[in-house]
Each structure stands twice: as structure tokens, then as C-alpha cells.
Amino acid sequence: MVRTGELDGLIGMVVTRSISSGTLLSERDFVMLSSTVRAMSIPVDPEHAVGGALRPGDRVDVLQSADGIARYVLVGAEVLMVGDGTGGALGGAGRYAVTVALDAESALEVAAALSEGTLDLVRSTGSAPPSVLVYPPDA
Amino acid sequence: TVSVAVAAEDISAGARLEADMVRFTPV
């Protein structure tokens, strides 16, 4: 719960879920985006995103697969928000989407990956970075 | 009794929090 006096620290932070009028607010409902970090929503079906179980604060890797080749396009990105597909700012027209923090170059790579092939989001919270970035290795 | 924050209006995910989006209620 957010008490009187704690609100000032939350002003300007980004809301991580849609909140109905009258709902108690929690600090977990907010995330601070720095001025140097970009946020990008990745539209993906829940079955390609840990069954829809991702939550703000999770770390994810983004994989692209096409023509029998899979590669990592983003590793260890923080999940900022998860659109549940029911509408609102992130859900759009009923589409599930996961918003991640990334830099400008990574945003370009993800945008390019979105334009072709299939994307999968893999929860990597607490995991070591992958040692193999492309499969098959000689692709 | 303490006062806790509740949403004064419907707030969409992705919005930046502003003071007038919040009111306090005693619990």
C-alpha cells in the first residue's frame, strides 16, 4: 500500500498495469524509466511468452526463428509492463504485448526481427547469458 | 488509522502517474 508521504516518490513513474478507479495502489504498480532507457512493446502470443506468465521485473531473452534458424536478438532485458490483451494502452486491440527496457540499437534489432520470422520470449531471470547465440551454430 | 492511496480514476497501463490520479482513504 502507498501511504501519505510516499506519493511524491511515485509521481512521474510509469504504471505497470491497468488500474480501476478506487483500487488500492501498491509500489509494485509502478516502475521508473530513466531518461536513457527506451521502452518497446513486443506483440507476441502468450504461448510464445512463457504461457503469459511474465511479470514486470522479470528478465527475458528474445529469440527470432525463421527458415530453421533461431538466434537471440536481445538478452536479459527487463520486463516493464505486460499488456493482458484486454485493451488499454498496451493491450491495444486485444493483443498480448510485453514491454521491455532496451537501448536504441537493440530496439532496431527487435523491430527488424518483428518484421520477419517468429519471436519467442524466454524468461531468463537469474540465468547466465547464453553461450550459443545462433542455432544451428554454423548458420 | 492510516491513509492509503487509491486510484481516483481509471489508469491505463503505461501512463505516467500524476498527483490528481490519486486520492487517499483511511484504513
Side-chain angles (χ1 to χ4, degrees), chain A residues 1-35 37-43 52 54-57 79-101, chain B:
Chain A
M1 293 185 293
V2 177
R3 299 182 184 187
T4 308
E6 298 174 338
L7 181 63
D8 286 349
L10 300 176
I11 298 300
M13 295 180 78
V14 173
V15 180
T16 59
R17 65 182 179 96
S18 293
I19 301 171
S20 300
S21 178
T23 301
L24 281 171
L25 301 179
S26 164
E27 291 185 4
R28 290 177 297 180
D29 295 330
F30 307 97
V31 63
M32 176 58 77
L33 291 184
S34 76
S35 58
V37 174
R38 287 165 167 77
M40 182 176 190
S41 289
I42 303 173
L54 291 171
R55 295 290 177 264
V79 174
L80 300 175
M81 290 168 263
V82 179
D84 59 7
T86 58
L90 296 177
R95 186 77 193 268
Y96 184 84
V98 177
T99 301
V100 299
Chain B
T1 300
V2 297
S3 291
V4 298
V6 299
E9 58 189 70
D10 292 339
I11 305 173
S12 296
R16 283 195 183 271
L17 186 69
E18 298 175 13
D20 59 4
M21 296 175 174
V22 178
R23 61 181 171 81
F24 285 89
T25 187
V27 292

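Keep in mind that this is a model prediction, so the values were computed, not measured.
Every side chain to side chain contact (heavy atoms under 4.5 Å, CB included) that A:L7 has, sequence neighbours left out, goes to A:I11, B:L17, B:V22, B:F24. Among residues two or more places apart in sequence or in another chain, the side chain to side chain contact (heavy atoms under 4.5 Å, CB included) test is passed with B:R23 by B:V6, B:A8, B:T25.
Considering only heavy-atom pairs separated by less than 4.5 Å from chain B, the leading option among A:L24, A:L80, A:D8 is A:L24.
Only the backbone of A:M13 comes within less than 4.5 Å of a heavy atom in chain B; its side chain stays farther off. Residue A:R17 touches chain B through its backbone alone, counting heavy-atom pairs closer than 4.5 Å.
Atoms CD1 and CD, on A:I19 and B:E9 in that order, are 10.5 Å from each other to the nearest 0.5 Å. Note that the CD1 atom of B:I11 and the CG atom of A:L25 stand 6.0 Å from one another [nearest 0.5 Å].
When all heavy atoms of B:S12 and A:V15 are compared, the closest pair comes out as O-CB, 4.0 Å. The two residues B:A7 and A:S20 have their closest heavy-atom pair at CB-O, 3.6 Å.
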